[in-house]
Amino acid sequence: MKTGFWLSVSAAALISAGMTSGAAHAQNAPTTDPTAAATGSDDRSQEIVVTAERRSTSLQRSGVAASVLTGEDLVRKSINTVEQLQFATPSLTVNTSGQANSFNIRGIGKTEITSSVGVGVVTYRDGVATFPGYFQTEPYYDLASVEVLRGPQGTFAGGNATGGAVFITETNPTTDRVKGYALAQYGNYNDAKVQGAINLPISDTLALRFAGNYERRDTFFKVTGPWTGNPGDLDSISGRASLLWQPDTHVRLLIKGDYNKVNYGGFPNTPAYFGTAAAPTLNTSDPFIVTSNAPLSGQDEFGRISANLSYTFDSGLTLRSISGYQKGTTQEELDADGTSTASNTFQDFANEKIFSQELNIVSPDSGRFTWLVGGYYQHDKYDFPVGNGYVAINATGVLRSLRIEGTNPHTALAAFGQVGYKLTDALQLTVGGRWSRTTSRNDVTYPIQLNFGGATNVPVTLTQHDFNANKNVDGKVALNWTVDANNFLYAFVATGTKAGGLNGANLFGATPRGFVPEKVTDYELGYKGTLFDGHLRTQIGGYYNHYKNFQVTIVDPMTPNYTSIFNVPNATKLYGFEASAQGSFDRFQFDFSTSISHSEVGQFFARDPRLATTGVCDAASGPATAAGCINLGGRRQSYSPQFTVSAGAQYAIPVRDGITLTPRVDFAHISGVWGTLFQQRQLGDYLGERNILNAQLTLAMRGDWSIAGYGTNLTDQHYIGSLNGIRRLAAAPRQYGIRVTKTF
């Protein structure tokens, strides 16, 4: 029942505490251009360039499993937020739980909504690693590209990643001319949006760009019960300022500042089941019909400043510095049981500040031998102010309320490098390595009010000052074979690590336990082919992952009334197949992607925290004969779909000179997933399949105006977007409307 920044997943727990300008883009394609997005006038036969590895290479000749979406692709596919990426990318799921999300690639990432557990998929904005799992609702606007890399990343850029990385490149200023766009949109649920950007060249060496986005939308929910209102209303404002200074061919400075204030009106939810966990009745009701007796609210306010400074010598050697500072404040109130029959409320308030610094030295691209070395430092601090953040659990229960006050800082320090050597003109060997040290500290107090069924409240205060540090070494060895200009093969083995951390103080006096880092070893083979003079691109790959020390939240064997984060003592195995294709044939364009995956969690024993827990259940040895001690070995990884497929197509129909009508259809299927490893259908653990149909009809007029009718989730599938404790959170229903865009 933990959401937001609380350091535990269970409401009964006492709180556990705890790369690079980079994205691929299609030759500076203009973002949100209605002509390009609607008519397909951007030429897909041009190379898609990958810069995520700090040097420009063709995506079709890079030994990475990646999906690339240009700014035009985002418009075509109605991708406005991070959650919608899963409907255009194989092996990816995003499950939003209030103001945090579980972002997973191939079943690896973040499945526990807690600040104690790090992320396995790192998101970058213009080279700066963003907040880990929180403040992810920043809208997508005025973007040049989004690139999703699958598999461990870390030998060429900032943070360490076990599941993958997302590189987002915002549109940069240019010194050529004044240009930009303006957009206005209106849809059902009174969804009104205005958006725009303007590029201002100040001189031949200096340029500015300003962009902004505002959206206001009514709630998707019908809330009844003792407490009503308009929870779920959206009021979001975002702004961005960018400066580019390039005084000569050697020096380049890019500074960006982003600000976001997103008011959600709260997150209505419904219980996954009724009754007790021992005798449950599965909730099959419409997730948009909610009863509540607790106040609901939610707001994120956050900003980011980044500076990317580089110096390139005449030889081609480049020195680069990427600095970032981010600050965010979150607050949330919710009904912890999603009903009007009990007084179960949850509130949190927390601040997060992140400073990061990366340094690179990148060799010239020419020659048989290329290399990159870099260093990275990040300081990430959670601050829980005095008097803020509490849980009140049913006044007649044992636990009435608890707070957390103090700080929970994390640090990451790393040195990394990657070298490549051409054994022949067609065959390249690449070797990379990474050394890292991560720390986690809890300097917090927990003021608690206990109630044992009477009128007297017993105050208890726990204090925790714990520290945890881990060192890790990761690496990558790859072999790339350029068969010819149209065929490319690659194979590699790579490792990635997700940091360890600390569990919180325990009411029964047990010493808080740390948990060690997760480690993934990834074996991959892939093929990339280019056909029909570059108009059709294909990518095919297979992977096998050996996943050690998987971090899970289970009932603490020493004190079974509390949950703690543990490592699975035996290895987890994940393997699968992925394929994608993109075609551009004059006025007809299409794309396709699919994935098939299998996962098996390593053997370990645990108790379901929703059920009564007594006695000892050791994670490594059980025994299975103990009441409720379950062997979870062999079960599918949480949030790991066995099958995904997405496909989209559009055709530009000439109406008259300068006027084009373009219909487009996109479909995505994500098979059902388990929200927990306990896999209890009667407790709502199974999240059904998602079948999402989107469509647009765009009229582009003389190159600078467009009018588009759009629809997302056209079949109006009402499905559970995520499971957080016993709470069901619904994903967006059908939305439709009209959008007008003017470019200049």
Side-chain angles (χ1 to χ4, degrees), residues 1-4 6 9 11 81 83 94-102 113 137 187-191 216-236 262-277 280-300 330-348 391-394 610 675-676 682-688 690 712-713 715-735:
M1 307 214 317
K2 145 85 181 65
T3 63
W6 280 92
V9 175
T81 64
E83 193 169 11
V94 182
N95 300 277
T96 299
S97 299
Q99 286 161 252
N101 66 42
S102 301
I113 306 300
T137 52
N188 61 332
Y189 299 102
N190 288 318
D191 183 14
R216 167 69 175 84
R217 191 205 67 229
D218 290 344
T219 183
F220 299 141
F221 298 86
K222 180 179 179 181
V223 182
T224 60
W227 191 88
T228 59
N230 295 305
D233 284 3
L234 176 67
D235 194 340
S236 171
V262 185
N263 191 313
Y264 314 92
F267 296 94
N269 64 89
T270 52
Y273 60 90
F274 299 105
T276 66
T281 300
L282 180 65
N283 185 0
T284 59
S285 66
D286 188 334
F288 292 104
I289 307 300
V290 177
T291 60
S292 176
N293 61 359
L296 303 176
S297 65
Q299 178 175 285
D300 286 337
T330 186
Q331 76 82 24
E332 180 180 17
E333 293 178 290
L334 59 85
D335 190 329
D337 67 352
T339 73
S340 59
T341 60
S343 177
N344 291 304
T345 65
F346 180 96
Q347 175 179 331
D348 65 5
V391 179
I393 303 295
N394 206 341
R610 297 163 295 188
T676 77
Q682 68 274 22
L683 299 182
D685 290 352
Y686 186 74
L687 307 184
R690 306 170 187 188
T712 59
N713 191 5
T715 61
D716 200 23
Q717 181 179 358
H718 288 194
Y719 64 95
I720 306 303
S722 66
L723 185 68
N724 191 348
I726 65 169
R727 302 187 303 119
R728 305 186 310 167
L729 291 102
R734 176 170 54 217
Q735 294 178 265

Asker: Quick one: CD on Q682 to CG on L282, what's the gap to the nearest 0.5 Å?
Answerer: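 Nearest 0.5 Å value for the CD-CG distance: 8.0 Å.
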Asker: Nearest 0.5 Å please: distance from the CG atom of D191 over to the CG atom of D218.
Answerer: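 One gets 9.0 Å once the value is rounded to the nearest 0.5 Å.
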Asker: Taking all heavy atoms of R690 and all of G721, pick out the closest pair and write down the distance.
Answerer: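 Minimum heavy-atom contact is NH2-O, 3.0 Å.
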Asker: What are the two closest non-hydrogen atoms of G684 and A272, and how far apart are they?
Answerer: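 The answer is CA-CB, 4.1 Å.
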Asker: List in chain and number order the residues that pass ring-ring contact (aromatic ring centres under 6.0 Å, His included) with Y719, two or more places apart in sequence or in another chain; answer none if no residue qualifies.
Answerer: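 If we apply the ring-ring contact (aromatic ring centres under 6.0 Å, His included) test to Y719, skipping adjacent residues, there are no hits.
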Asker: Tell me whether the rings of F288 and F221 are parallel (<30°), tilted (30 to 60°) or perpendicular (>60°).
Answerer: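 Judged by the thresholds at 30° and 60°, the geometry between F288 and F221 is tilted.
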Asker: Between T137 and T81, is a side-chain contact (heavy atoms from CB on, under 4.5 Å) present by the stated rule, with each step listed?
Answerer: CA-CA 7 Å; T137 52; T81 64; over 6 Å; no
Asker: What I'd like to find out is whether the side chain of R216 reaches to under 4.5 Å of the side chain of D233, using heavy atoms alone.
Answerer: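 The answer is yes; the side chains approach within 4.5 Å.
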Asker: If the condition is ring-ring contact (aromatic ring centres under 6.0 Å, His included), which residues does F220 pass it with, not counting sequence neighbours?
Answerer: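 F220: ring-ring contact (aromatic ring centres under 6.0 Å, His included) contacts with Y189.
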Asker: List for me each residue that meets salt bridge (Lys or Arg N to Asp or Glu O under 4.0 Å) alongside D235, sequence neighbours excluded, and say none if there are none.
Answerer: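 Once residues adjacent in sequence are excluded, D235 has no partner under the salt bridge (Lys or Arg N to Asp or Glu O under 4.0 Å) criterion.
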Asker: Please round to the nearest 0.5 Å and tell me the distance separating atom OG1 of T224 and atom CD1 of I289.
Answerer: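 Result: 7.5 Å between the selected atoms.
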Asker: Who pairs with N283 by side chain to side chain donor-acceptor pair (under 3.5 Å), at least two apart in sequence or on another chain?
Answerer: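 Testing N283 for side chain to side chain donor-acceptor pair (under 3.5 Å), a comparison that skips the adjacent residues, returns S285.
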Asker: Could you grab the distance from atom CZ of R217 to atom OG1 of T219, nearest 0.5 Å is fine?
Answerer: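 R217 CZ to T219 OG1: 7.0 Å, rounded to 0.5 Å.
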Asker: Search all heavy atoms of Y273 against all heavy atoms of L683 and return the closest pair with its distance.
Answerer: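 Closest pair (atom of Y273, atom of L683, distance): CD2-O, 3.5 Å.
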Asker: Roughly how far, to the nearest 0.5 Å, is CG of L729 from CG of N269?
Answerer: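 N269 CG to L729 CG: 5.5 Å, rounded to 0.5 Å.
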Asker: Does any non-hydrogen side-chain atom of D685 lie less than 4.5 Å from one of L723?
Answerer: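 Yes - at least one pair of side-chain heavy atoms lies under 4.5 Å apart.
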Asker: F274: what forms a ring-ring contact (aromatic ring centres under 6.0 Å, His included) with it, not counting sequence neighbours?
Answerer: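 Once residues adjacent in sequence are excluded, F274 has no partner under the ring-ring contact (aromatic ring centres under 6.0 Å, His included) criterion.
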Asker: Looking at every heavy atom in both V262 and S236, which two are closest together, and how far apart are they?
Answerer: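 Here V262 and S236 meet closest at CG2-OG, 3.8 Å.
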Asker: How many angstroms lie between CD1 in I720 and CZ in R728, if you round to the nearest 0.5 Å?
Answerer: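 Interatomic distance, I720 CD1 to R728 CZ, rounded to 0.5 Å: 4.0 Å.
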Asker: So which heavy atom on T270 is nearest to which on P287, and how close?
Answerer: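 T270 and P287 have their closest heavy atoms at CG2-O, 4.1 Å.
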Asker: Return the minimal non-hydrogen interatomic distance between R734 and T715, and the atom names on each side.
Answerer: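 Result for this residue pair: NH1-C, 4.3 Å.
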Asker: Under the side chain to side chain contact (heavy atoms under 4.5 Å, CB included) rule, collect the residues that match up with T712, sequence neighbours excluded.
Answerer: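 Expected list: S78, N694, Q735.
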Asker: Determine whether L334 and R727 make a side-chain contact, defined as any pair of heavy atoms from C-beta on separated by less than 4.5 Å.
Answerer: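 A side-chain contact exists here, since the closest heavy-atom pair is under 4.5 Å.
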